[in-house]
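The structure under discussion appears below in the form of C-alpha cells.
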Amino acid sequence: MFYESTRGDGKLITSAEAIQQGISPDGGLFVPEEKPIIKLDVINLLVEKSYSERCAEILKHYLSDFTNDEIIQCVNSAYNIHSFDHPDIAPLANLDRGLSVLELWHGPTCAFKDMALQILPRLLVKSMEKTGEAGNILILVATSGDTGKAALEGFKDVPHTAIVVFYPEQGVSEVQKLQMITQEGDNVGVFAVRGNFDDAQSGVKEIFGDIATADIISRYNFKFSSANSINWGRLVPQVAYYFSAYAELIKQGRIQLGEKINFVVPTGNFGNILAGYYAREMGLPVNKLICASNANDVLDEFIKTGVYNRMREFKKTLSPSMDILISSNLERLLFELTGHDAEPVRKWMSKLKQSGSYEVEGAIRERIRGIFWSNFATDKETMQTIRNAYQRYNYVIDTHTAVGLNVYAKYLAATADPSYTVIVSTASPFKFNASVARALLGEEKTFGRSEFDLLGMLSEFSQMPVPTGLRELDQRPVLHRQVVEKNNMKQAVLSFIKNK
Ligand SMILES: *Cc1c(COP(=O)(O)O)cnc(C)c1O
C-alpha cells in the first residue's frame with residue numbers, strides 16, 4: 001500500500017514515510033492510494049478476538065511495509081491494562097435496545113485521543129528504523145486541549161523524539177491545562193498561545209511549511225513531524241475501533257453479521273468521523289455516519305448545503321475540544337470523493353485560505369449527504385442531555401458525548417431510522433467534570449467550587465472513582481509556564497530546540 005498527497009504532487013511513498021513526515025511537503029495530507037476491503041467473514045473472525053488483535057488486523061492492510069510482528073508489538077505495547085483502566089480497552093455501554101455507547105476514554109488522559117496517541121509514537125519509532133532515519137524527530141502539536149496531553153503522554157522520553165505542544169491560553173479547561181503544564185519528561189515543551197485553537201493550528205501549519213525553520217532545526221539533527229490528526233499514523237488506529245465496536249455487538253448478540261448500524265460522532269477536526277468513513281468504505285456495514293457539532297456548526301452547514309464557511313464568530317462552548325472552525329481532515333474526504341483528483345481539492349483549499357469559504361457542488365454534495373447526516377447541539381441542550389441520560393439510563397456522560405446523544409435524538413425525530421446506533425463517546429465525564437457536575441448536581445451546589453472540589457463531588461454522586469490520570473493534579477508541580485504571542489510560536493520552537 002502506497003500513500004499520496006491530497007494536493008497531488010504525484011509522489012508515492014510508504015506508510016513509514018507518511019507517518020514520519022506527518023504532512024506532505026506540498027501542504028497536502030497523505031491518503032492511502034486505495035482502500036482495502038474487509039469481507040464479512042473476516043469481520044466475523046474479529047468477534048472472538050481481543051482489542052489488540054482486532055486493531056492489528058486492520059493495521060496490517062494499511063501498514064503493508066510493516067511486518068506482522070512489528071504491528072503486533074506496537075498494538076500490544078499500546079493497548080494493555082497498564083495504560084487502560086478497562087480490560088476491553090474500548091468497551092461498549094448498552095443503554096437501550098438499539099443503542100450503545102462506545103467508551104473511548106479508558107486511556108491515561110481520559111479522552112479518545114489516547115486510542116491513537118498511545119500507538120503513534122511506537123509506529124513512528126518503527127517508521128524511523130524502516131526509512132533509515134538517523135536523526136531525531138520533533139513533534140509539533142496544536143491542541144484544543146485533549147490532543148496535547150495525550151501526545152505528551154505518548155511521546156514523553158521516547159528515544160530520538162522531542163515534542164512541543166501549543167494550546168490556546170483561554171481555550172482549555174482547568175483540568176486540561178493542569179494536565180499539560182505539569183507534564184514530566186526530558187523531551188517535552190508546552191506553551192500557551194494568546195489566541196484560539198485555530199490560531200495555534202495555523203501557527204503550527206506555518207512552521208511545518210517554513211523551509212528556513214526546518215533548516216535551523218536540521219543543524220540540531222531534528223526533522224519535523226506531526227501528531228495531529230493530519231498524520232496518517234494518528235488516523236489509522238482510529239479505524240480499528242469502528243470494527244471492534246461492530247464485532248463486539250455481534251459477540252453480545254445485539255446485531256447480526258451484515259446488519260447496517262449508525263455511528264454518531266462528536267466532531268471537531270473531522271479525524272474521528274473520517275476514520276469511520278474509511279471503515280465504511282472498507283466494507284464495515286455502516287448505514288449513516290452522524291456528524292454531531294456544537295454551536296461552532298460549520299461542518300453541519302457544510303454537510304447540509306455544500307458550503308464550507310469559516311467566516312463566522314468562533315464560539316467558546318462547554319465542549320471545547322470541538323471548538324474548531326477549520327476541520328483539517330475534511331480535505332481527505334474531499335480527495336476521496338473526487339476519486340483522488342487533486343485539482344479541485346487545491347482549488348477549494350486555496351479558496352478557504354484566501355476568502356474563508358468554498359463550495360462543493362452536484363455529485364459530491366449528494367455523495368456527502370448519502371453517507372453523513374448532521375446537526376448540532378447548543379450548550380443548553382448539552383446540559384439538558386447530560387441530565388436526561390442520567391435520569392433515563394443512569395449513565396453519566398461528558399459534554400462532548402452529550403452533543404452526540406442530543407444530535408442522535410434529532411436524527412431519530414427526523415428519520416425514525418430503526419438501525420442499531422452506537423454513540424462514540426470521546427471523553428470521560430471526569431475530564432469535563434465542571435460542566436457535568438453542574439448539570440447533575442445543580443447550580444446551587446456547584447457554585448464557586450473549584451474543578452477539583454467538583455471532581456470529588458461528581459465521584460461521590462456517580463459512585464464512580466476519579467480516574468488515576470486526574471487524581472491529585474492540582475498538587476503536582478507546574479513545570480511549564482511560558483505564554484507566547486501567536487506570531488512568536490516559531491521562536492518558541494527554536495529556543496526549545498537550542499536548549500535540547
Ligand atoms: C478531539 C476531540 C473531539 C473531536 O474529534 P475530531 O477527531 O477532532 O473530530 C471530540 N471530543 C473530544 C473529547 C475530543 O478530545
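Below, all heavy atoms of this structure are taken into account, side chains as well, without hydrogens, waters or symmetry copies. Just so you know, ligand 1 is whichever comes first in the structure, and atom 1 is the first atom listed for that ligand. None of the values given here were measured: they were computed from a predicted structure.
For F197, there are no ring-ring contact (aromatic ring centres under 6.0 Å, His included) partners two or more places apart in sequence or in a different chain. Residues forming a ring-ring contact (aromatic ring centres under 6.0 Å, His included) with H61 (at least two apart in sequence, or on another chain): none.
Legend: salt bridge (Lys or Arg N to Asp or Glu O under 4.0 Å) pairs involving residues 271-282, not counting sequence neighbours, sorted by first then second residue: K35-E281.
Side-chain atoms of Q179 and K431 include a donor-acceptor pair closer than 3.5 Å. Residues N329 and Y277 have side chains that never bring a donor and an acceptor to within less than 3.5 angstrom of each other.
In this structure, ligand 1 sits under 4.0 Å from heavy atoms belonging to F112, K113, D146, P266, T267, G268, N269, F270, G271, N272, S321, M322, H400, T426, A427.
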**Request:** Apply the test side-chain hydrogen bond (donor to acceptor under 3.5 Å, both in side chains) to residues R54 and S244: give CA-CA distance (whole Å), side-chain angles for both, the deciding distance (0.1 Å), then the verdict.
**Result:** CA-CA 6 Å; R54 291 171 182 169; S244 175; 3.0 Å; yes
